Number of protein chains: 2
Amino acid sequence: MRAVQDSMDVLSGKWKIAILSSICYYNKRRFSDILHDVEGISNKMLSKELKELEINKLVNRSVMDTQPITVQYELTEHGRTLQTIINHLTAWGIEHRKKIIGE
Amino acid sequence: MRAVQDSMDVLSGKWKIAILSSICYYNKRRFSDILHDVEGISNKMLSKELKELEINKLVNRSVMDTQPITVQYELTEHGRTLQTIINHLTAWGIEHRKKIIGE
DNA sequence: CGGGATCCTTACTGATACTG
DNA sequence: CAGTATCAGTAAGGATCCCG
């Protein structure tokens, strides 16, 4: 029971899963790309959430020395262990939508 | 991507997953039992979250005509489709804790 | 026992502007 | 481009009391 909470603490917030999905799908993804992928998120939130994901070792941030700067985010090995869960959540979301809308 | 959000909308909030875990584990569970299972939750939150779970057809509420009243909550068939996810989340939570604490 | 009503505090979030 | 700073509103959450 405690363990589930631990997971949810890490994944809490409106955007974390969506952000992870975006990075996961593209393997590597830049800040502005994620900003575009995740509909409705503001740059402030994205930056905040990414920071938290980094702290929890789920994503890796690497600054490319270009002009202007670009920053790449990718899942860590640990982050990649979430893929199964994300896939399940996606599938479940689709089913759930059917269930609820269709009444 | 949208689909993941749909799932998270339903499961959002600090407690939903923990509540579902509790009910899921015991099959049927009373209000006060869940209140005790889910460490830290207040009755207000529990009641609110249960209501939302009910609206989303994940749990079933049944009032037993005893004195005083007891109320049973159980997962709906639809709610039970979340078990896999909950199990994964639990397992992942344990692994994650090891990963983060052990550094 | 299973909540609802109220009050109050804090966390989350968005919009906008600004910087290296 | 990839953020940070500021301001300000909303919503989430907790504590306590109340009721059938």
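Throughout, protein chains are lettered first and strands after them, A, B, ... in sequence-line order, and every chain is numbered starting at 1. No experiment lies behind these values; they were computed from the predicted model shown.
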Asks: Can you list the residues that meet the side-chain hydrogen bond (donor to acceptor under 3.5 Å, both in side chains) rule with Asn56(B), with sequence neighbours excluded?
Replies: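 Testing Asn56(B) for side-chain hydrogen bond (donor to acceptor under 3.5 Å, both in side chains), a comparison that skips the adjacent residues, returns none.
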
Asks: Does some side-chain heavy atom of Arg30(B) sit less than 4.5 Å from a side-chain heavy atom of Val71(B)?
Replies: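 No, every pair of side-chain atoms sits at 4.5 Å or beyond.
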
Asks: Asp6(A): which residues meet the side chain to side chain contact (heavy atoms under 4.5 Å, CB included) condition with it, sequence neighbours left out?
Replies: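 Partners of Asp6(A) by the side chain to side chain contact (heavy atoms under 4.5 Å, CB included) criterion, ordered by chain and then number, come out as Arg2(A), Arg97(B).
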
Asks: Name the atoms and distances for all side-chain donor-acceptor pairs under 3.5 Å in residues 46-54 of chain A, with sequence neighbours left out.
Replies:
unit_1	atom_1	unit_2	atom_2	d
Glu49(A)	OE1	Lys16(A)	NZ	3.2
Glu49(A)	OE2	Trp15(A)	N	3.4
Glu52(A)	OE1	Lys16(A)	NZ	2.8

Asks: Under 4.0 Å, heavy atom to any atom of DNA chain C: which of residues 18-31 of chain A qualify?
Replies: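 Residues of residues 18-31 of chain A that come under 4.0 Å of DNA chain C do not exist, since none gets that close.
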
Asks: Grab the two heavy atoms, one from Leu11(A) and one from Leu89(B), that are nearest each other, plus how far apart they are.
Replies: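 Reported closest heavy-atom pair: CD1-CD2, 4.1 Å.
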
Asks: How long is the line joining CD of Gln72(B) and C1' of dG2(C), in whole Å?
Replies: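 Between C1' of dG2(C) and CD of Gln72(B): 13 Å.
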
Asks: On a heavy-atom basis, which atom in Phe31(B) and which in Asn43(B) lie closest, and how many Å separate them?
Replies: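 Answer, listing the atom of Phe31(B) first, then Asn43(B): CZ-O, 3.8 Å.
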
Asks: With a 3.5 Å cut-off and sequence neighbours excluded, list the donor-acceptor pairs that the side chains of residues 60-67 of chain B form with protein atoms.
Replies:
unit_1	atom_1	unit_2	atom_2	d
Ser62(B)	OG	Gln72(B)	O	3.4
Thr66(B)	OG1	Pro68(B)	O	2.8
Thr66(B)	OG1	Thr70(B)	N	3.3
Thr66(B)	OG1	Thr70(B)	OG1	3.4

Asks: In degrees rounded to 10°, what angle is found between the helical axes fit to the five outermost pairs at each end of the helix from dC1(C)-dG20(D) to dG20(C)-dC1(D)?
Replies: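 Result, rounded to 10 degrees: 50°.
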
Asks: My understanding is that only residues two or more places apart in sequence, or in another chain, count here; which of them pass salt bridge (charged side-chain N to carboxylate O under 4.0 Å, His left out) with Glu95(A)?
Replies: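 Counting only residues at least two positions away or on another chain, Glu95(A) forms a salt bridge (charged side-chain N to carboxylate O under 4.0 Å, His left out) with Lys98(A).
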
Asks: OP1 or OP2 of dG2(C) sitting under 4.0 Å from any side-chain N/O of Ser47(B)?
Replies: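 For dG2(C), neither OP1 nor OP2 has a side-chain N or O of Ser47(B) closer than 4.0 Å.
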
Asks: First and last nucleotide of DNA chain D touching chain A, 5' to 3', heavy-atom cut-off 4.0 Å?
Replies: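 Nucleotide range with atoms under 4.0 Å of chain A: dC1(D) to dC7(D).
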
Asks: Can you tell me if Tyr73(B) touches the phosphate of dG3(C), counting only side-chain N or O atoms and a distance under 4.0 Å to OP1 or OP2?
Replies: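 Yes, within the criterion.
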
Asks: For Arg29(B) versus Asp37(B), what's the shortest heavy-atom pair and its separation?
Replies: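 Closest heavy-atom pair between Arg29(B) and Asp37(B): NE-OD2, 2.8 Å.
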
Asks: Can you build the contact string for nucleotides 13-20 of chain C? Use B for base contact, S for sugar-phosphate-only contact, and - for no protein heavy atom under 4.0 Å.
Replies: BBB-B---

Asks: Could you tell me which residues satisfy side-chain hydrogen bond (donor to acceptor under 3.5 Å, both in side chains) with Ser12(B), sequence neighbours excluded, listed by chain and number?
Replies: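 side-chain hydrogen bond (donor to acceptor under 3.5 Å, both in side chains) check on Ser12(B) returns nothing, list empty.
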
Asks: Any idea which heavy atoms bring Ile100(B) and Ile55(A) closest together, and the distance?
Replies: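 Nearest pair, atom of Ile100(B) first, then Ile55(A): CD1-O, 4.4 Å.
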
Asks: Could you pull out all residues at least two apart from Thr90(B) that satisfy side-chain hydrogen bond (donor to acceptor under 3.5 Å, both in side chains)?
Replies: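 side-chain hydrogen bond (donor to acceptor under 3.5 Å, both in side chains) list for Thr90(B), sorted by chain: empty.
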
Asks: Give me each pair satisfying side chain to side chain donor-acceptor pair (under 3.5 Å) with a member in residues 80-89 of chain B, each pair once, sequence neighbours excluded.
Replies: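 For residues 80-89 of chain B, and leaving out neighbouring residues, the side chain to side chain donor-acceptor pair (under 3.5 Å) pairs sorted by first residue read Trp92(A)-Thr81(B).
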
